[in-house]
Undergrad: 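Just dropping this structure here.
The basis for the numbers below is simple: all heavy atoms, side chains too, and nothing from hydrogens, waters or symmetry mates. In what follows, chains carry the letters A, B, and so on, assigned in the order in which the sequence lines appear, proteins first and then strands, with residues in each chain numbered from 1.
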Number of protein chains: 2
Amino acid sequence: MDGGDGSTLTERFRRAGLRVTGPRQVILRVLEESDDHPDVEELHRRVSAVDPRVNIATVYRTVKKLVEHDLIERHSFDAGRARYEAAPTEHHDHFIDVDTGEVFEFRSDEIERMQQELARAHGFEIVSHRLDVYVRRVNRRKRKARKAD
Amino acid sequence: MDGGDGSTLTERFRRAGLRVTGPRQVILRVLEESDDHPDVEELHRRVSAVDPRVNIATVYRTVKKLVEHDLIERHSFDAGRARYEAAPTEHHDHFIDVDTGEVFEFRSDEIERMQQELARAHGFEIVSHRLDVYVRRVNRRKRKARKAD
DNA sequence: CCCTACTTGCGAATCATTCGCAATAGCGCA
DNA sequence: TGCGCTATTGCGAATGATTCGCAAGTAGGG
């Protein structure tokens, strides 16, 4: 997941001028190793498995800093807790299965292009965008809703 | 904003089997007359101008019911408070001006169609979706950020 | 290796939203 | 038109997520 040169989350974090402390190293590594979209509580759980002394407030503070520096993305698929994902090298959107809570990523250059055109036509330049598509599987017997990602 | 027959928010509310009480009449009228995307606090402010006895908890309870019955839409553009808009007759997406907080609606049948295709290709059917495009005006001298909608 | 500004842990505080409960009031029906 | 059953309301307390204040600890430039 890291290029080998200087592209680990930790290195980019340091390059952004932020101090790399013990707790932060653990949090950064956990984020980098996660390929799902954990919320802060889940991140804290994973971090605690490595170093149980890290406080959840530190996790909150760290993800906040990471988002400010565009190193990770914050999502609010459902209301309630926010969820995060390691900064994708390439932008993508999300399918959220409403029955299971699972999140799938996808990307459509055509949709990106359309947005670009529309924004320009309205006199705007795009800063960022978010496309969440809530879906359900087809051709399946209805099934019990599970909990989350 | 109402067809004249039986299409006011209040009537659709009643038709959904919900009791039309005094407080609710005010809330429904306020929602119908709003063409922006107010949060609960703002709604309560507007409702209070008509009847100051209505409690904010009632506003919360009412918008919740309305959302459950698809009579209004809930948005969470920024984290923090949720914002609502009277149920649009036609789906649309949003441009959010990151400098001013203003929200503009737009619609693109092409984007809708692309989503449909993508979802189908992945074996999903779309339940709903949300496309928020955060933008900034172009060709303008930078200006101070204002507060909200 | 030292100094200083940045971080941390911890518990308290804050924000948005929901709940519990007793009092009140729609509205279908007699 | 009046009754009763049940949904709804106001209010304050409770909740859940996130942030803050502060004293103690530490990264890392010089």
Undergrad: Quick one: is A:K65 getting a side-chain N or O under 4.0 Å of the C:dT7 phosphate, OP1 or OP2?
TA: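 Yes, such a contact exists.
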Undergrad: Identify, with sequence neighbours excluded, every residue that meets ring-ring contact (aromatic ring centres under 6.0 Å, His included) alongside B:H69.
TA: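 ring-ring contact (aromatic ring centres under 6.0 Å, His included) list for B:H69, sorted by chain: empty.
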Undergrad: Run the side-chain donor-acceptor check on residues 119-127 of chain A: report pairs under 3.5 Å with partners two or more places apart or on a different chain.
TA:
none

Undergrad: Sequence neighbours left out, what passes side-chain hydrogen bond (donor to acceptor under 3.5 Å, both in side chains) with A:R19? Give chain and number order.
TA: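 Partners of A:R19 under the side-chain hydrogen bond (donor to acceptor under 3.5 Å, both in side chains) test: none.
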Undergrad: Grab the CZ-P distance between B:F13 and D:dA7 for me, whole Å please.
TA: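 Between P of D:dA7 and CZ of B:F13: 14 Å.
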Undergrad: Test of understanding: with side-chain hydrogen bond (donor to acceptor under 3.5 Å, both in side chains), list the residues that count as partners of B:Y134, not counting sequence neighbours.
TA: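 Testing B:Y134 for side-chain hydrogen bond (donor to acceptor under 3.5 Å, both in side chains), a comparison that skips the adjacent residues, returns A:R130.
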Undergrad: So, using ring-ring contact (aromatic ring centres under 6.0 Å, His included) as the criterion, who are the partners of B:H44 when residues are at least two apart?
TA: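 In terms of ring-ring contact (aromatic ring centres under 6.0 Å, His included), with neighbours along the sequence ignored, B:H44 is linked to no residue.
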Undergrad: Taking all non-hydrogen atoms of both residues into account, name the closest pair between B:P38 and B:L43 and its distance.
TA: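 Here B:P38 and B:L43 meet closest at CG-CD2, 3.7 Å.
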Undergrad: Rounding to an integer number of Å, can you tell me how far B:R24 CZ sits from D:dT6 C1'?
TA: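 B:R24 atom CZ is separated from D:dT6 atom C1' by 12 Å.
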Undergrad: If a protein heavy atom is under 4.0 Å from the base, mark B; if only from the sugar-phosphate, S; if neither, -; do that for nucleotides 18-30 of chain C going 5' to 3'.
TA: BBB-----BS---
Undergrad: Does A:R113 have any side-chain hydrogen bond (donor to acceptor under 3.5 Å, both in side chains) partners at least two apart in sequence or in another chain, and if so, which?
TA: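 A:R113 satisfies side-chain hydrogen bond (donor to acceptor under 3.5 Å, both in side chains) with no residue once adjacent residues are dropped.
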Undergrad: May I have the distance from B:L66 (atom CG) to C:dT17 (atom C1'), rounded to whole angstrom?
TA: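 Taking atom C1' of C:dT17 as the reference, CG of B:L66 is at 16 Å.
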Undergrad: If you look only at pairs with a residue in residues 40-63 of chain B, which of them pass as a salt bridge (Lys or Arg N to Asp or Glu O under 4.0 Å), with sequence neighbours excluded?
TA: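 Residue pairs with at least one partner in residues 40-63 of chain B: B:D36-B:R46, B:E42-B:R45, B:E42-B:R46, B:D51-B:R53.
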Undergrad: Measure CG/B:D51 against P/D:dT9 and give the value in whole Å, please.
TA: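 Checked: the CG to P distance equals 12 Å.
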Undergrad: Looking at A:N55, I'd like to know whether one of its side-chain N or O atoms comes within less than 4.0 Å of OP1 or OP2 on C:dT8.
TA: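 Answer no for this pair, as no side-chain N or O of A:N55 is under 4.0 Å from OP1 or OP2.
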Undergrad: Mind running a 4.0 Å heavy-atom check of residues 40-49 of chain B against DNA chain C and sending the residues that fall below it, in number order?
TA: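 The stretch gives none, as no residue of it lies under 4.0 Å from the strand.
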